[in-house]
Amino acid sequence: MHTDKLQNANDTQTVVVEREMPHPQEKIWRALTQGYLIEEWLMKNDFQAVVGHRFTLSADWGVVDCQVLVVEPNQALSYAWEAMGLKSVVTWTLTATSTGTHLRMEQSGFRPDQQQAFQGATYGWQKFFANLERVAGGLS
C-alpha cells in the first residue's frame, strides 16, 4: 500500500514557483542542464543531465548534495537536493505555450521543523527564477 507515502506527503511542505517565460523550451532546458549556465543563475556545480549522476551545488553558505532522478529533454528534470539536514526533491516541468514556455519548479520535502529552510527556499527560488530567465533570454 502507498499509505506511508501519502502520510509523508501530508507531513511536509513544498515550495512551488511557476512562471511564463517568452523563450522556447530548448533555451530554458539548456539553462537548466548546462553546468556553466547553471553557475550563472544558481550555483557552482558539476551537473550532468544523466539519471543517477551525483553532483554538488556550492555557494558561500555551503554545499548541496544532489543526484539526478529524472531527465526528459525539454520537458522534465528532477534531482534530490540535500543540505543542512534537508532532504528534498527539486522537479522542473517545462510546458510549451503559445508565447514561450510555462516553467514550474517544485521543491518538496520540508519537514514542519524546517521552517527556516522553507522560508529561505521560498525567497531564494524567486531570485533564482529571475536569474534563470535572464540567462535563458541571453541564449542564441
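All values below come from the heavy atoms of this structure, side chains included, with hydrogens, waters and symmetry mates left out.
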If you take all heavy atoms of [X] and [Y], which pair is closest and at what distance?
X: Leu94; Y: Ala76; value: CD1-N, 4.4 Å
X: Gln48; Y: Val68; value: O-CG2, 3.4 Å
X: Gly109; Y: Leu86; value: O-CD1, 3.9 Å
X: Ala31; Y: Leu139; value: N-CD1, 4.4 Å
X: Asp46; Y: Thr56; value: OD1-N, 2.7 Å
X: His23; Y: Ala136; value: CD2-CB, 4.0 Å

Inspect the surroundings of CD in Gln116 and state if more than 12 heavy atoms from other residues, nucleotides or ligands are less than 6.0 Å away.
-> no
More than 12 non-hydrogen atoms from neighbouring residues, nucleotides or ligands closer than 6.0 Å to CZ on Arg19, yes or no?
-> yes
According to a hydrophobic-cluster definition based on side-chain heavy atoms being under 4.5 Å apart (Ile, Leu, Val, Met, Phe, Trp, Tyr only), do [X] and [Y] belong together?
X: Val51; Y: Leu77; answer: yes
X: Val16; Y: Ile28; answer: no
X: Trp61; Y: Tyr123; answer: no

Output the rest of the hydrophobic cluster of Val70: all Ile, Leu, Val, Met, Phe, Trp and Tyr residues reachable through side-chain heavy-atom contacts under 4.5 Å, sorted by chain and number.
-> Leu69, Val89
Between Lys87 and Glu82, does at least one N-O distance fall below 4.0 Å, as a salt bridge requires?
-> yes
Give me the ring orientation class for Trp125 and Trp41: parallel if the planes are under 30° apart, tilted from 30 to 60°, perpendicular past 60°.
-> tilted
Gln126 and Val17: side chain to side chain contact (heavy atoms under 4.5 Å, CB included), yes or no, with the steps?
-> CA-CA 7 Å; Gln126 296 289 341; Val17 182; 4.0 Å; yes
Distance from [X] atom [atom1] to [Y] atom [atom2], nearest 0.5 Å?
X: Arg104; Y: Glu20; atom1: CZ; atom2: CD; result: 14.5 Å
X: Met105; Y: Leu32; atom1: CE; atom2: CG; result: 11.0 Å
X: Asp65; Y: Leu57; atom1: CG; atom2: CG; result: 9.0 Å
X: Gln119; Y: Gln13; atom1: CD; atom2: CD; result: 8.0 Å
X: His102; Y: Thr97; atom1: NE2; atom2: OG1; result: 8.5 Å
X: Tyr36; Y: Phe47; atom1: OH; atom2: CZ; result: 14.0 Å

For side chain to side chain contact (heavy atoms under 4.5 Å, CB included), just list the numbers for Asn45 and Met43, CA-CA rounded to whole Å, side-chain angles, deciding distance to a tenth of an Å, and then say yes or no.
-> CA-CA 6 Å; Asn45 66 90; Met43 291 178 236; 5.9 Å; no
Do the side-chain N and O atoms of [X] and [Y] include a donor-acceptor pair separated by under 3.5 angstrom?
X: His53; Y: Gln67; value: no
X: Ser108; Y: Thr14; value: no
X: Thr101; Y: Gln25; value: no
X: Thr93; Y: Gln75; value: no

Could you go through the side chain to side chain contact (heavy atoms under 4.5 Å, CB included) check for Phe110 and Gln115 one step at a time?
-> CA-CA 8 Å; Phe110 294 91; Gln115 283 306 302; over 6 Å; no
Output field: ring centroids Trp92/Trp81 closer than 6.0 Å = no
State which residues pass ring-ring contact (aromatic ring centres under 6.0 Å, His included) with Trp29; sequence neighbours excluded, sorted by chain then number.
-> none
In sequence, state the C-alpha distance, the side-chain angles, and the governing distance for Thr91 and Glu106, and then conclude on side chain to side chain donor-acceptor pair (under 3.5 Å).
-> CA-CA 5 Å; Thr91 302; Glu106 177 179 302; 5.4 Å; no
Leu103 and Leu132: side chain to side chain contact (heavy atoms under 4.5 Å, CB included), yes or no, with the steps?
-> CA-CA 11 Å; Leu103 182 62; Leu132 172 63; 3.4 Å; yes
